[in-house]
Amino acid sequence: MRILLKGGKTAPRLLNDLYDYDPRYLTPTAYNILTSLPYFDEEDPKNLPPPPPGKSCKHKWSLKRNQSNLPGDGYKPDSSTVWKLAVYCSVCRSHMDLLIDFREGSAFSEPCPTGSRPLHHFIHRQDLSKPRRHGFLAPDPDTGFPWVDEQHFQCSAAECSARLVIWFKPPRLVPDWVKQLTDKFMIKTRAEKVMAEDPKRFEGHAIPLPINVLSNLRVYIWNAVQTPEKSRKIPGHNKQFLLSLGESCADLLEYVGFTREGEDWLPPVPEVPAPAYLANSLNVRLDDLLRELHVLIFERPDDERITINNQYVPEWAKKDLSALLGCLDFKQSIRSRTVDLTETKEEHPWYAGLGATADFHDELIEFSYERQLEMDSNNTPYYLECLQGIAGGRHSETLDTKVAIEASENSRISLKDVKAAFKELGLHSRADYEDDTIIGTFQSRISDAPKQEAEMRRALKIIGQNRKSEKIQLVASQAVTNYEQALLYLEASKDYSDEFIVSMYTVKIDQLSSEESIARHAVALIADHRKSNALKHWLETGALGEVEMDVEQACVRLGISDRTLDDETILAQYDSLKLDSPSQMSDLKNALTAIAKAKNSRRLKSFLNSDMTSSEHPISEWPVGLENIGNTCYLNSLLQFYFTIKPLRDLVLKIKEFKMPTDEESLKSKRVGSRNVSKKEVDRAQQFVDQLKKLFEDMIASSKASVTPEPELARLTLVSSSKEEHIRRQSMLSPTRPSLGQINGSPVFGPLGPPSLHQKDTEMSDDAPLEVTDSNAVNDDHNSDDASDVTLVDGLPAADDDVMILDDDEKGLQQKLLEDKENMPPTKESTPETSPETHLRPLGKSSPSRANEQQGSINLSRGMESESIDVSTENKSSETGQGDTREEKRSIPAPPPNRPPPVPPRPKPTETNAVQEAEYGAQQDVTEVIANVLFQLQCAIKAESVDESGEQIDQVKRLFFGKQKSYTTNRQGRVRTKEEYMSDIKVDVATGSRDIYTALDGAYDVQEVEVGGELEPQYTSISQLPPILQVHVQRVQFDIEKKSVFKSNHHLELKETIYMDRYMDSSGADLMQRRRECWEWKKQLANLESRRAELATSDMGMDMPEILEATCGFLRQIPDLDDKDPIEVPPGLLQALDNAATEAKTELESLELQIRDLKSHIASQFNHLQKIPYRLQSVFIHRGFHNSGHYWIYIYDFTKQLWRNYNDGYVTEIIDTKEIFEQEPGDRPATPYFLVYVKDQLKKELVDSVCRNIIEPPPEEQQDTVMEDYSQAQESQTDGNSYRPVNSSIQYGLAESCNSQGWTHGEGLVDNSAWDQNEARVLSNW
């Protein structure tokens, strides 16, 4: 196990490493000799730090004096000093610049070296460094280098302000150019080609040698730099130039700085005269090239070098490098004072580990050791081991004394001590043990060998000290002095209950009976810290007092095996157990409290605090909750929403004034939902409104915190009339089955599976013939009496129904079942969109849930088609026919033979009730239920008027329905329009998170639609807005690839106020022009984002520039591989890849900028249009899967200006609105499913969240046959009309109306109610 060392390096150590550091061959994952410290494991001597890569150069740095700013002899730096040193390697031609800057210091700074700080101690600054970028080859236009490796260091002494920057640069003459200048074959080919073109002119000329080519280029550059008067343009026909260089070296000449003038070449134009310190980039480049050419000339064989006069002598830079780093004359050991640092020499890694060199004096070794400890105290044991090793190797008394002091006085341990400690406990020092494993091993060892306890405790203490483990050190020292140490000693954590603390105490003294007193002391410390009377009682008596339930016990008590369950699932289980065992309410609440505390759950704590609602909010000023009667969480949310809509609530309470006459003449012309309705439907609708009236009256007058809806209301709300007729027909198919009761006088024998795929809602006339499907096609297990399903969800936009199979894993089973808040028997079936070719596949029965044992088994199958009356898009156009059609029905195939066998059904009661019928309503989807409610409300009341198509206009229509107009343009440019009623706007979040405006745009932006086989553009505008605007968030989607249905949990960012101006059907040209501009921008945005995805994503986790750079880096390393059959990389490929990477990166940056600008334009396009504001009033929330889960609703009170959470029987105030408007974390967050906005100008008239007039029920009369006088007294007290019972809806047969002044009691309806006074004004505004 290699240790990561974070110490620094003294200046001589850094200087030594500069001679070995060669970034040309350093891969990103390789050991970096310059920036890293070596780790040496004495137990494995072969595990030495890797040497530099094989082709790395042992540099011979030579000075570039005219590029350097050197310190003078004896000059001391101050706060204004900056020195620079430029060198090049006379072997590999690499370049290195060093800059040391003291300017960050103050007047009080004292740069190293000083008496107490004899050397700089440099720490690598990884945050500032810029290592070589592999794969990037394009030369920098300023410096001309293909890459630069930049490393930053700073002196670790607080008093020294030295900052060191080192730049490593590769040779300027790249290998291809060097080959052009020195390869004899290439030179010969180039010269022979020129001679062949003009043989007479070149007669007698010899082919130049490589040294001639190098020398000629050097002269051209030298003349340009030193003797500009001799530097003339080179004629294109110059013989010497053509034979040596010519057109084949054009790229090299242009890099050097030559420019073309026709066929001639003009020399470079550096700054003349050249300054003492070169700063101009061209001057620097030419100076570097001259030095590299000298190196190449010097490398030529002797037989070539004798042909020219070359006086090149490099100026070694060792002394100047030492001076720059402040180590020109440091104190050395006697035996090494004559050693040249540039010579190859084996050196023990312990020296480098301390950031020192082998020639250091003992005093400097100690200095290096102290600096490492100050900078990297975590690795003190290793640095101490280095010091021990060096002391032993040198036989140094001084260093031996230092080691002894470290161990005795400073209590420091070496890595050797740590290894010995592990060995003492029988453990391996390289293994990665947990603290508990080490402690357990220690306790086991001392129980086996108690006489060795002292030695083993010392070993354990060393291990704890090395690992910085307070827990291990506590066990080793047996010291327990505070709460944290007490927990560590007992191996407990802060969330352990008092009862569990006692258990941990028992375990501890069972293991180590000798430590009983320490263990009791630990318990006492915990008791004092927690102020736990239970623990104090236990310490005094040995018996534990009353304690809080710990989270493990709480989960067991609530039957929860998975602690990751979300809050709503936990509450579902809690409610189920509370109903089953009301006598255990206190215990269940304690369990829920423990879980809420452990999870720090805001939702659970809010739920527990809801019991205090009556004290925090007077019940007369707070809405009532609605109890769940089985799969009715969505129904409860919907009813709460309708109750807060004041005009609708008043309409329901005064339904007698608005009821539709049911005589034949009155019904003849009644049209709702673009079709005629029958007397049976009107009668049923009026039953529904009567039931709704009873509920509303109960919600107003109840003295309880919650009321229970009648099952009959649930049935009438959730089951449409056509669905009810279908159930009756299906039930009659198997007369041998036991009856489950009646619906409207017709027998119900239970669910017999899904109906025909194409059954449509049609007018239900009294004499309509029954249509029977093939019952034999339905699987028996699917039709068993105990079949049930999950809660209400969206319909499925899929041709195939999804098959849900429970996982065998108990955890997965429990999660899926408990995710359904309504773990009752009601059945829910979803509505797939089908085609004549679609076949529904009945699902096998699942195992019953433990959480559902009181109610029946849960069957996760679906199959029954949902029947709806779609009033959301009633057609007003004459283009579309209104005739009813009846499509061919298909029988349902039997399930495949590999289905699991059905679970034997439980016995069920043969009689039915309305709850069982309401179970079929759970098979409706969200929009169908709303459509059913609005349809029945319209059917129940008489029309105010009719429109041109005969459609009924009434209060419900005016409240909830608007109109929208679609515009379709054909290829000839002809525009067709169609206007329709709409009760909601459907928005989509399938492809990602978005805000409400972006979602609404999807409903009204232009799109391509297929008309007669042609694609035509179509957009929609709103021609009339309803006062109450409903938005349906379509979250259930179909995955075409997986052939399965899923719920999209993407976040929809809501706004409390939205402005609908942008979507209106306006004759103004400005609005339409802005919409068209926005559509065009969105089209451009889609193209840009598509292109960005192509460049920014890949299966390798890298974007395209990174892929190209990595490819280039890999190809560049191929020539360096020791391969017998090397792969040849084409010369231009690397450059092409680099160019492509640069272009891709530039394009990505440009795309990001364009996308950001377009999004900004789109977002601000309609900011000035704010004349039609709508305020958010209700948010329907769903948590769970696409076919199960739980609903609740948030409703805003405009009067009290607060949000409330209506969650079945609980109504609580929302303190933090992030609960509504922000996305909660987790895999299954609660998400908005349905939104309600109200017109801002009418919000006070439209919404009244609290309508209460509590009437206390009379006390029950007590009869006492023994105490006659007492009974007589009671009779006298209850005589009269002081009380009138109101808990039954029958008591409201007498008219009672709710208005702004409260309830009015009497025999008839009060005509001067607030509704009557305001109705005309409000409706006129609509």
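All residue numbers refer to positions in the sequence shown, counting from 1.
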Within a strict 4.5 Å, meaning less than it, do heavy atoms of the L128 and Q154 side chains meet? no
Determine whether the side chains of H152 and E150 contain a donor N or O and an acceptor N or O closer than 3.5 Å. yes
Please give me the minimum heavy-atom distance between A162 and H120, naming the atom from each residue. CB-CE1, 3.7 Å
Is there a side-chain hydrogen bond (donor to acceptor under 3.5 Å, both in side chains) between T357 and N16? Walk through the geometry before answering. CA-CA 8 Å; T357 60; N16 271 17; 5.2 Å; no
Please check if the side chain of H59 supplies one atom and the backbone of W61 the other of a donor-acceptor pair under 3.5 Å. no
What distance do N482 atom CG and L487 atom CG have between them, rounded to the nearest 0.5 Å? 9.0 Å
Any side-chain heavy atom of V165 within less than 4.5 Å of one from D101? no
Do D287 and R291 have side chains that get closer than 4.5 Å, going by heavy atoms? yes
To the nearest 0.5 Å, what is the distance between CG (L4) and CG (D376)? 8.0 Å
Report yes if some heavy atom in the side chain of L290 is under 4.5 Å from a heavy atom in the side chain of L286; otherwise report no. no
Please work out which of the three classes, parallel, tilted or perpendicular, describes the rings of H348 and F40, given edges at 30° and 60°. perpendicular
Compare every heavy atom of L34 with every heavy atom of N32, then report the nearest pair and how far apart it is. OD1-N, 2.9 Å
Contacts of type side chain to side chain contact (heavy atoms under 4.5 Å, CB included), residue S377, not counting sequence neighbours: T380
Please indicate whether Y483 has more than 12 foreign heavy atoms, meaning atoms of other residues, nucleotides or ligands, lying under 6.0 Å from its OH. yes
Kindly say whether I390 contributes a backbone atom to a donor-acceptor pair with the side chain of Y351 at under 3.5 angstrom? no
Hey, is the main chain of I472 close enough, under 3.5 Å, to the side chain of D435 for a donor-acceptor pair? no
Is it the case that the side chain of Q151 and the backbone of I166 share a donor-acceptor pair, with hydrogens and angles ignored and the cut-off at 3.5 Å? no
Does N283 reach the side chain of V225, with side-chain heavy atoms less than 4.5 Å apart? no
F145 ring centre to R172 NZ or CZ under 6.0 Å, with the angle to the axis within 45°? yes
List in chain and number order the residues that pass side chain to side chain contact (heavy atoms under 4.5 Å, CB included) with A421, two or more places apart in sequence or in another chain; answer none if no residue qualifies. A459, I462, I463
Between W83 and L98, is a side chain to side chain contact (heavy atoms under 4.5 Å, CB included) present by the stated rule, with each step listed? CA-CA 8 Å; W83 289 329; L98 293 87; over 6 Å; no
Looking only at non-hydrogen atoms, find the nearest pair between G8 and Q372 and report the distance. N-OE1, 2.7 Å
Take K9 and D17 through the test salt bridge (charged side-chain N to carboxylate O under 4.0 Å, His left out) and record every step on the way to the result. CA-CA 10 Å; K9 296 183 177 185; D17 293 340; 2.6 Å; yes
Closest non-hydrogen atom pair, F168 against L18: CZ-CD2, 3.5 Å
For a quick check under 3.5 Å, do S156 and H121 share a side-chain donor-acceptor pair by atom type? yes
Any donor-acceptor N/O pair, R445 side chain to Q452 backbone, under 3.5 Å: no
Within a radius of less than 6.0 Å around CD of E455, do more than 12 heavy atoms belonging to other residues, nucleotides or ligands occur? yes
Please answer whether the main-chain N or O of A157 pairs with a side-chain N or O of R117 as donor and acceptor at a distance below 3.5 Å. no
Side chain S396, main chain A391, donor-acceptor under 3.5 Å: no
Given the rule in the side chain to side chain contact (heavy atoms under 4.5 Å, CB included) test, do L321 and L85 qualify, once you have shown the distances and angles that lead to the verdict? CA-CA 7 Å; L321 285 168; L85 181 65; 3.1 Å; yes
Apply side chain to side chain contact (heavy atoms under 4.5 Å, CB included) to T35 and Q126, showing your working. CA-CA 9 Å; T35 62; Q126 186 174 358; over 6 Å; no
Backbone N/O of F102 and side chain of S161: donor-acceptor pair under 3.5 Å: yes
Would you check if D97 and K169 make a side-chain contact, meaning some heavy-atom pair closer than 4.5 Å? yes
For a 4.5 angstrom cut-off between non-hydrogen side-chain atoms, does K58 reach D20? yes
Just checking, is any N or O donor in the side chain of D288 or Q67 under 3.5 Å from an acceptor N or O on the other one? yes
Evaluate the side-chain proximity of R457 to F442: yes if any heavy-atom separation is below 4.5 Å, no if none is. yes
Least distance between heavy atoms, R132 atom then P23 atom: NH1-O, 3.2 Å
Could you state the interatomic distance from NE2 (H294) to OG (S62), rounded to the nearest 0.5 Å? 11.5 Å
Ignoring hydrogens and geometry, is there a side-chain-to-backbone donor-acceptor pair from S68 to K64 under 3.5 Å? yes
Inter- and intrachain pairs under ring pair (Phe, Tyr, Trp, His ring centres under 6.0 Å), touching residues 362-400, at least two apart: Y39-Y382
Could you tell me whether the side chain of E406 and the main chain of R412 form a donor-acceptor pair under 3.5 Å? no
Walk me through whether C57 and R24 qualify under side chain to side chain contact (heavy atoms under 4.5 Å, CB included). CA-CA 9 Å; C57 178; R24 293 179 302 164; 3.9 Å; yes
Output the distance between atom CG (N69) and atom CD1 (I100), rounded to the nearest 0.5 Å. 12.5 Å
What distance do S94 atom OG and E292 atom CD have between them, rounded to the nearest 0.5 Å? 8.5 Å
What heavy-atom pair brings L15 and C327 nearest, and what distance separates the two atoms? CD2-SG, 4.4 Å
Residues R394 and D362 bridged, charged N to O under 4.0 Å: yes
Begin from the C-alpha positions of D302 and R305 and carry the test salt bridge (charged side-chain N to carboxylate O under 4.0 Å, His left out) through to its verdict. CA-CA 5 Å; D302 293 341; R305 282 196 287 125; 2.4 Å; yes
Inter-residue atom distance E385.CD - D417.CG, 0.5 Å rounding: 8.5 Å
Salt-bridge contact R65-E315 (side-chain N to carboxylate O under 4.0 Å): yes
Plane angle bin for F122 and F153 - parallel if under 30°, tilted between 30 and 60°, otherwise perpendicular: perpendicular
